[in-house]
Every structure is written in C-alpha cells, then in structure tokens.
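A quick write-up on the structure given underneath.
Indexing begins at 1, ligand by ligand and atom by atom, following the structure's order.
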Amino acid sequence: MARYELVKRSVALITLTNPPVNSLSSAVRHGIAKTMDRALSDPKVTAVVICGENGRFCGGADIREFSGPMRGPPLLPLLDSIEAGEKPVVAAIEGVALGGGLELALVCHYRIAHSKARLGLPEVTLGLLPAAGGTQRLPRLIGIPAALELITTGRHVSSQEALKLGIVDQVTEQNVCEVAVEFALRAVAKPLSSRRLSALTVPCPPDLDALLEAVTMQIQKKARGMMAPLACVQAVRAAATMPYSQGIKRESELMATLFNSGQARALQYCFFAERTAGKWTLPSGAQWNDTKPREIRSAAVIGLGTMGRGIAVSLARVGISVIAVESDKKLMETGRQMVIGMLERDAKRRGVSASLNLLKFTLSLQNLKDVDLVIEAVFEDMALKKRVFQELSKVCRPTTLLCSNTSGLDVDALAGVTDRPQLVIGMHFFSPAHVMKLLEVVCGPRSSSETIATAMSLGKRMGKVSVAVGNCPGFVGNRMLKPYSDQATFLLEEGATPEQIDKVLEDFGFAMGVFRMSDLAGLDVGWRVRKESGLTGPDVDPKNPPRRRQGRKYCPIPDMVCEQGRFGQKTGRGWYMYDKPGGTNAKPDPLIQNLLETYRSRYGIKPRNITDQEIIERCLFALANEGFRILEDGIAARPEDIDVIYQFGYGFPRHRGGPMFYASMVGLERVLERLEHYHQAHPDVSHLEPSPLLKKLVACGSPPIQKWREHIKTMHSHL
Ligand SMILES: CCC/C=C/C(=O)SCCNC(=O)CCNC(=O)[C@H](O)C(C)(C)COP(=O)([O-])OP(=O)([O-])OC[C@H]1O[C@@H](n2cnc3c(N)ncnc32)[C@H](O)[C@@H]1OP(=O)([O-])[O-]
C-alpha cells in the first residue's frame, strides 16, 4: 500500500498505492510507517519524497474505516514521527491533498503542488475535525484567520491559492514527483527546525476573541445546529492559546465528542449516499456502468419561464449549444435578456468568459430539427405538454431525446403521444435550475437504458446530483412533500401557528420551515393543481362534506389563504406578511391568526397546545412513512436515493442524513409506535398509517439502513 524506490541514488520515493484516491487505510498507514523507517535508517538515503499513485496524492483518511474498530497504526503519532525525522521529506502533491492527506503533507518539511491540484481540510463536512494535527499545524503555517476559514468551511483551494496562502512552497506544471526529487536533493543538509510546523509559534491576531466570536456567529447562522464547525473553532482557539502539546490534546478531545455523534454518522452516510445515487440499475439488468450515454452537443429548451431560463443557463455554461423557444416575441425578448444576464453574472463569478455564442432564441419549434436533445419546460399542464411532445415528435429527427421538466406529471403519458417513447424521459429540475444541485431523472416504463444513461450523464455534466426515479404522481420528492405539508396544515387546524411550526422545523435544521418555503415558492402553484384535481374550486360538489375530499380528510386553509390573493412573497402576503411584494423578511400576520381562529370556531375545533415533539414527529414521520411506500412501490431504488433528493432538493439538514436516515436513527420501532399512535388519533389520515415495509423492517429486527434493500428487492421496481 506504499511502494518504496530509491531514485537518484539517494532519494527515497514513497508512493501511496490505494486506488482510487489513495486514502489512508490501515494498510496504507502501515505501509507509510514501514517505508519511512526504511528511508530513515538507510544511510544511502539523504531525503524522502512522498507522492500518490495515479495522479492523486491522497484523499485523506479512509472514511469507510470510521464505522468499524480502529486497526493499524494511528495516524497522529505516525505523522508526528515523519515531521520529527532528521532527513528532509517533500510532499509531491498531484490531484488532491485532502483531510488526512493534507495533514500528511503538512508534516512533510516541504510541499510542491501540481498546478491543477486541490488542497483542503474537508473533515468538517463529514462531521469531524482535522484531528491528525491539522487544526494545530495549519494555523501555525498560514495564520489564524485563513486557517479558521479553511477548517470551518472545509473549502478546497487551488494550488495557486495554496501558494499565496503559504500552504505550499512551489507550484509546478511539470512532473511533480521529478520536481520534488530535485527539490529534495537541494534541501539536504539545510536545517529542518523552522520547517517543523508543530515547533512554530502561532501568529496570533490581536483581536482573537472578536474574530472567533464573529466566526462562531456566522456558523450559528449558516450551519444551524451543526456541531463540527463549532468544534473546529474551539480547536483553532487552542492552537492560538496553547502550546502544541496541549493543543493537540484538545484537538483529540474535541474529535472524540464528534466522532461518535449522530451528526458525524449522518454526514458520512451522506457522503456515500451521494456517490451511490448515480448508480442506477434496471430490472432488465442494464445499469450505470454498462450503458454508454449519448454525447450531447446541442439542446433545445422550450419555455423561458423561471425553470426554462435556469435550464438554458445550466446547459450553456457546460458548453452545450442551446436553442431556446418561446411562444411570443415579447416573452422571448424578456427571456433572452434574463438568460444572457444570468450567464454573464455566472461567468463573472467563475472568472471565465460567458458562452453567449452558444445561445439562439426562436419562436418556432421548426428550428429544432437537428438538436440532440430537447428539454420541455412549459407550464405544468398535461394537455399543453402533450401538444408540445406531439409537435416535437414531428419536427425533431428520430434520434432526438425528448425530456420533460415536469414536477409530477405522468412521463409515460407524454411518451405515448410521440413516435419514440423509448427516447422520452423526465428531467425534473429544481428552482432556480442553474443553482439547485438536484435532478430527478424520471424513468418511464418505456425509457431505454441509453436514454436514462444520457439524462444521468447530462445531469452530472451540468454539476447536478442526479437520481434515477420511477414514474408516479409527484415522483419521489413532491410525492413525499404532500404528507409532510398536509401534517403541517392539519396542525394549524388543531391549534398551531405557521411561525411555531416553521420555528420547530428550522431548529431541527431545515433551511426553511414548510410555510416560509411555500411563501417563497408561491402558494398559487399548489392552489392551481388542487383546483385542477377537483379538490377545491367550483368543481367541488356542494354536497361534499366540509374538510373531506375524495374520501379523505382535507384541510381547506391553504385555499382560503389563496382566495384572499395571498400568494406568498411575490404578493407581499402569504402565510406571513412582507414589507413589500417580493420582500423576504417574513413577519407573523395577525390576519392569518384571525383566519385560523375564525376557521376553528366555524368547525367547532377547540385549539390545543401542540408540542414541538408532536410537530417533528407528525411532519417527519409522515414524510419518512411515504418514503417507505415509495421504496415498496419501486419508485426509488434505495433509501439513500430518497435522502439525497431531500437534502439537495428540499433543504433537509444534511447533518440529519435525510428523512430515511433520520427514521433509522430515531429507531424504526419508535417511528412505527408513534405513527400508530397518531393514526389512532387521526384514523381518516391515511398518510399516518404505518407502511407495510416499515412494519416488515421492524418485524425483522430493524436492520441498519444499508440492509433495507434486502427486504425490498422482491418487490416490483418501476426503475
Ligand atoms: C484522525 C483522522 C483525521 C482525518 C480525517 C480525514 O481525512 S476524513 C477524510 C477527508 N477527505 C475527504 O473528505 C475527501 C473525500 N473525497 C472526495 O472529496 C472525493 O472523493 C475526491 C475529491 C477525492 C475525488 O472525487 P472524484 O469525483 O474524482 O471521485 P469520487 O468522489 O466519486 O470518489 C471515488 C471513489 O472513492 C471513494 N472515496 C473517496 N474518498 C474517500 C475516502 N477518503 N475514503 C474512502 N473512500 C473514498 C468514493 O466513495 C468513491 O467510491 P466508489 O463510489 O467508486 O465506490
């Protein structure tokens, strides 16, 4: 796991060999210890270079090992011994030096990086801190403010920035190992004491307390409820205020609290879930690694509303030429200005030139004859979408892929009106599409494996986390949202307020509570859907009993809010009031309070005191319960996919893992018991009835989430 060679007769070249990222597994740590001993004890060796195989220095500790018992030599003493050695050691950094990988580089006496390398201490994103001396050495090297920023955010820096910060000594475009070997030969016999970072004093800013306080406040605002960034601040404070020997002890103590926390487990689960999500498999046996995606060079986007504009930007900025289609000249001109503005701002932020030459705008579908792929982003109206797909089927060449950016309509029904159902697929973007990372790739029963591979690969190319899901109303994300938001509105009936529910959800870690999120998205969207599905509006039979629709309990409060013209932020009024239309500062509105009171008295509901616990349990267990049904129905392949969708599309706190992981952490037995309890109290709310899969898992002894699939694999898959 670490190869040893003697080069230039006196330099020991140690190469880490643990593909794909040369992580510091126990075998690699063992290999480093053995090869370093050999280098230090061989009188022929005057200097050492450490590098990584296959163009990657080191991706850090082996995260998979965190869930088992510690084996092999511990990292910290190993690194300390490298730094203490009497022969110069040079790190040759290619690809990445991340986490423990950068900590390894920091104990080397010199660091040479390739110009394309990236460096960072991303442990915080895994719920940890750099506990192999990183929190103590980096501040000694680059100062407290810069180290604090890198350690608390986990941000990767380019080798150019690393050079400016003083993390590396040299950046090269040449073979980094060869440069490092030459560098090592020149370093022989030079004193090493000033190169041992643990021996340096920390350049401490005079306003240390104010700085730490400001960073803490920023973290509390941005990384709500997360323990690791705050522990990082404390570790850096120790570097600033204690000698190395004590600081390192503090670092270990803080790591110990984080290491066994549910947050660390959740964040590490998320790391792997995100990588597993791209690995789709069809019942036919076709899968992600044996199906070649088509190359997409040109695309069309139909409809330049909010979604279409974001999609056009996402495509153009990765070099795909885009023809954008609108139905009238004025809308097309507005769309053009907005897309150009968005692309220019995006390019400025990334320091590149805007690819405006890739954009064309047109009023006619006839201009789409030769594109490789079309993404339809018109209004969420089945009849309209069908007309567009019929037209596309006539106009586009027979090999063009036809995709719909629908948020919940039947993708197979769209496929059915075309001459190429196997080339039709859903690509559900999230708003704003050029910012949000999630893409649900909705596989219809007739979508071919090549079509799925192409949509997934296009998502990846656009920088999205793409998840393949089956075709059902609302797919995964929006289907699960319904029971979650229904519970929130039922709780309003029973005595809660929007601000109370939102506060509980935001304290749990959601970026926004359900009501603030609806105000942002626009309440009229759901209202229109409910009217179209006959749940509200003139089509409802007057003999229909109040608060019941289509045989189920129904809460009309959201409709009543819309009837008052309160559509959320855009109208300055919704569940909250805002200082102006488009305002973002939500304030509780006494008119909503009145509306709720009038409603409750009209239906004889005696408001009761609702606890935070009930809000969490009813909203989140109903959400997870629908997730279990989705797994049963074969709409999502694994719980990880659902969790990835909820983190990236719906602001579910990453340090809670996602609704399914959260349920597993609470304990499936407990989730089942609470759902049974609430279902007994509300027998007419079917979403609270525990799903058969949940019951089955509990009956099987509540296996860990990674084993759930074994209990669902016999069921029918829609993927
Ligand atoms: C005392 C301890 C203190 C130190 C703590 C740490 O160092 S904490 C660690 C701090 N370090 C980090 O947080 C860095 C984490 N890693 C990354 O950020 C990225 O993987 C990357 C930038 C290194 C490469 O990106 P890329 O898009 O080119 O590739 P990709 O992302 O698709 O990964 C390819 C495969 O490698 C796997 N794998 C990757 N890393 C690790 C690992 N450390 N371990 C195990 N496995 C790892 C990954 O799961 C995937 O496996 P699969 O699905 O093929 O079975």
Side-chain angles (χ1 to χ4, degrees), residues 1 16 18-29 32 52-68 70-80 93-107 116-138 150-151 153-159 228 231-232 235 248-249 251-260 264-265 267-280 287-289 437 456-457 460-461 463-466 638 640-641 644 654 706:
M1 290 292 181
L16 312 185
N18 184 18
V21 302
N22 298 321
S23 63
L24 296 164
S25 64
S26 63
V28 171
R29 297 196 305 277
I32 297 175
E53 197 170 52
N54 290 337
R56 279 177 166 167
F57 179 71
C58 176
D62 186 339
I63 306 166
R64 285 180 209 276
E65 284 186 357
F66 291 164
S67 53
M70 169 79 186
R71 282 181 290 121
L75 191 57
L76 182 60
L78 172 64
L79 298 191
D80 282 344
I93 302 171
E94 210 179 346
V96 287
L98 297 174
L102 180 54
E103 290 176 299
L104 170 62
L106 290 177
V107 297
K116 296 217 169 95
R118 284 184 295 142
L119 300 88
L121 292 173
E123 286 87 340
V124 70
T125 63
L126 299 166
L128 303 173
L129 53 74
T135 66
Q136 304 304 300
R137 285 195 175 90
L138 192 63
L150 291 189
I151 294 171
T153 60
R155 182 170 73 85
H156 298 184
V157 295
S158 65
S159 46
C232 289
I248 208 83
K249 274 195 198 132
E251 183 189 89
S252 299
E253 285 162 13
L254 290 162
M255 176 66 157
T257 11
L258 294 177
F259 196 78
N260 293 317
R265 262 183 285 165
L267 288 162
Q268 287 156 31
Y269 162 84
C270 292
F271 176 84
F272 291 114
E274 201 178 317
R275 281 156 182 82
T276 312
K279 297 177 180 163
W280 54 273
Q287 56 183 27
W288 63 282
N289 54 359
K437 279 198 78 174
M456 292 291 284
S457 138
K460 191 165 181 194
R461 187 167 161 200
K464 308 286 176 203
V465 179
S466 310
R638 17 176 141 71
E640 286 90 341
D641 292 358
V644 166
R654 199 169 157 88
Q706 292 79 3

Ligand 1 atoms in contact with [X] (distance to a heavy atom under 4.0 Å):
X	result
V21	23 (C), 39 (C), 40 (N), 41 (C)
G60	7 (O)
R118	22 (C)
E103	3 (C), 4 (C)
P122	11 (N), 12 (C), 13 (O)
L126	8 (S), 9 (C), 13 (O)
R64	49 (O), 51 (O), 55 (O)

### Query
Please walk me through it: do W288 and M456 pass side-chain contact (heavy atoms from CB on, under 4.5 Å)?
CA-CA 9 Å; W288 63 282; M456 292 291 284; over 6 Å; no
Polar contact flag for [X] and ligand 1 (N/O pairs, less than 3.5 Å):
X	value
R56	yes
G99	no
R275	yes

### Message
Can you confirm whether the side chains of E251 and T135 place a donor and an acceptor under 3.5 Å from each other?
### Response
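Yes, side-chain donor-acceptor contact under 3.5 Å.
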### Query
Can a protein heavy atom be found under 4.0 Å away from atom 27 (O) of ligand 1?
no
### Query
R638 and K279: side-chain contact (heavy atoms from CB on, under 4.5 Å), yes or no, with the steps?
CA-CA 11 Å; R638 17 176 141 71; K279 297 177 180 163; 3.9 Å; yes
